[in-house]
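Read the structure below first, then the notes.
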Amino acid sequence: AVAALVAQLGCGSFIVRHGALRMSQIALLSIAAGTALLTMGNPLILVLSAIVGGGGAAVSTPASSHLLSRCTSPRYLPLVFSIKQTAVPAGLLLAGVLAPQMTEWIGWRATMLICAVACAVFALMLQPVRRLFDTDRVPTRTFRSSDFRATLNSVLAVPRLRALSFACLAFNGLQTVVTAYFVVYLTTIGYTPVAAGFVFSIAVAIAIPGRILWGWLGSGHVPPRLIMAGLALGMAAGVALLALCGAGWPALVVGLVACLLSATALSWHGILLAETARAAPEDMRGGVTGGVLSVGQVGALGLPIMYSGLLEATGSYGIGFVMCGIPALLVGIHLLRQR
């Protein structure tokens with residue numbers, strides 16, 4: 001998360017200089033390198049893997065925002081961005097289905113190396129279209145250390161972007177908490193790890209149509225601000241209900257709570273990224289998106305730490321879920337009041 005924060009905050013100049021597609025290729029190669037490093041199993045190498053892979057992967061979203069905002073009518077940005085973001089849960093599902101089987105057949109190290117090679121191959125497959133999509137790059141643009149401060153200032157100085165940044169902080173933090181602790185929590189109320197994982201996989205699948213639905217509604221049907229407010233209130237309600245779940249709750253009800261969390265805490269990305277691109281200056285969309293996402297990474301760092309501290313202090317998983325849902329609740333109320 002720290003590597004992602006730094007990379008997203010400083011990637012704007014690189015996107016302008018080298019082009020959004022080139023930075024997407026670099027992101028893929030960084031993920032390939034980070035994944036390959038994992039196979040060494042050394043603790044210090046694991047840290048290096050997190051920096052290389054995590055930092056490289058983080059550049060992909062600002063780069064794609066820069067590229068898609070050039071090619072898409074402003075009205076349809078929420079839908080296009082939401083369709084693009086469905087690749088994330090789709091990739092999680094694909095990995096969840098294939099990786100365990102491959103690990104049984106050829107071992108975990110070989111599985112990781114195959115994933116790394118796949119990323120590198122896809123980076124090469126993008127090369128023929130690089131000239132088509134990177135026509136707006138400015139080769140004379142240089143990176144300065146002051147770019148970090150300038151990007152952060154450009155995000156926090158504009159009320160609309162500031163509101164989106166804090167929404168990203170609350171949403172990204174809560175998403176990280178849910179994905180990290182949901183399965184473990186279900187095992188404490190009587191579910192086997194396999195059953196808990198199955199419920200979570202169903203929830204992840206719901207995020208695919210959920211993201212498209214919110215993007216479609218935001219493309220001229222419902223103001224995106226109201227959609228994000230509804231998502232914020234929905235995810236706050238979802239973690240509150242999750243905290244109440246106990247051993248006596250029917251599996252169907254627990255599954256519905258998981259679906260609510262999937263449709264909100266795992267489905268906000270497209271609509272928020274589209275609104276960020278709309279609010280950003282035309283030549284700074286990649287950098288501004290990186291700035292908003294870097295604030296979101298603060299949530300991805302802070303809320304899980306707060307959750308683990310509450311778990312250590314109270315022994316209750318539910319209290320942590322409720323407390324981590326409060327920032328989303330406040331964001332929802334703020335967005336409803338905002339004009």
Donor-acceptor pairs are to be reported for all side-chain atoms of residues 118-135 against protein atoms at under 3.5 Å, with residues two or more places apart or in another chain.
from	atom 1	to	atom 2	distance (Å)
Gln127	OE1	Arg22	NH1	3.0
Gln127	OE1	Gln25	NE2	3.1
Arg130	NE	Asp134	OD2	2.9
Arg130	NH2	His18	O	2.5
Asp134	OD1	Ala20	N	3.1
Asp134	OD1	Leu21	N	2.9
Asp134	OD2	Arg22	N	3.1
Thr135	OG1	Arg70	NH2	3.2

_Partners passing ring pair (Phe, Tyr, Trp, His ring centres under 6.0 Å) against Trp268 (at least two apart in sequence or in another chain)_ = Phe171
*Mind checking ring pair (Phe, Tyr, Trp, His ring centres under 6.0 Å) for Tyr307 and listing every partner two or more places apart, or none if nothing turns up?*
Tyr181, Phe321
*Would you say the side-chain atoms of Trp214 pair up with the backbone N or O of Ala263, donor to acceptor, closer than 3.5 Å?*
yes
*Are the side chain of Arg17 and the backbone N or O of Pro139 linked by a donor-acceptor pair below 3.5 Å?*
yes
_Looking at Ala258, is its backbone amide N or carbonyl O close enough to the side chain of Ser262 to form a donor-acceptor pair, meaning the two atoms are under 3.5 Å apart?_
no
*Roughly how far, to the nearest 0.5 Å, is the CG atom of Leu169 from the CD atom of Gln297?*
10.0 Å
_Gln175 CD to Ser267 OG distance, which is reported to the nearest 0.5 Å_ = 9.0 Å
*asked:* Ignoring hydrogens, what is the shortest heavy-atom contact between Val288 and Val155? Give both atom names and the distance.
replied: O-CG2, 3.8 Å
*Which residue pairs pass the side-chain hydrogen bond (donor to acceptor under 3.5 Å, both in side chains) test when at least one of the two sits in residues 39-66, sequence neighbours left out?*
Ser64-Lys84, His66-Asp136
*Classify the angle between the aromatic ring planes of Phe143 and Phe148 as parallel (below 30°), tilted (30 to 60°) or perpendicular (above 60°).*
perpendicular
*Euclidean distance, Cys168 SG relative to Leu293 CG, rounded to 0.5 Å*: 5.0 Å
*May I ask you to check whether over 12 heavy atoms, not counting those of Phe198, lie within 6.0 Å of atom CZ?*
no
*For residues 139-159, which residue pairs qualify under salt bridge (Lys or Arg N to Asp or Glu O under 4.0 Å), counting only residues two or more places apart or in two chains?*
none
*Give the minimum heavy-atom separation between Ala236 and Gly325, together with the two atoms involved.*
CB-O, 3.6 Å
*Might you point out which heavy atoms bring Cys115 and Thr35 nearest each other, and give the distance in Å?*
CB-CG2, 4.4 Å
*Would you give the length of the straight line joining atom CG of Leu231 to atom CG of Leu266, rounded to the nearest 0.5 angstrom?*
11.0 Å
For residues 90-105, which side-chain donor-acceptor pairs fall under 3.5 Å, sequence neighbours excluded?
from	atom 1	to	atom 2	distance (Å)
Thr103	OG1	Ala99	O	2.7

*Do Arg160 and Glu275 pass the salt bridge (charged side-chain N to carboxylate O under 4.0 Å, His left out) test, and can you show the C-alpha distance, the side-chain angles, and the key distance before you say yes or no?*
CA-CA 9 Å; Arg160 188 177 173 190; Glu275 283 302 284; 3.0 Å; yes
*When rounded to the nearest 0.5 angstrom, what distance separates CG in Leu261 from OG1 in Thr179?*
11.0 Å
*Please round to the nearest 0.5 Å and tell me the distance separating atom CG of Leu272 and atom CG of Asn172.*
9.5 Å
*Give the minimum heavy-atom separation between Gly287 and Thr151, together with the two atoms involved.*
O-CG2, 3.3 Å
_Residues Leu244, Trp249; criterion side chain to side chain contact (heavy atoms under 4.5 Å, CB included); working and verdict_ = CA-CA 9 Å; Leu244 295 174; Trp249 282 48; 3.9 Å; yes
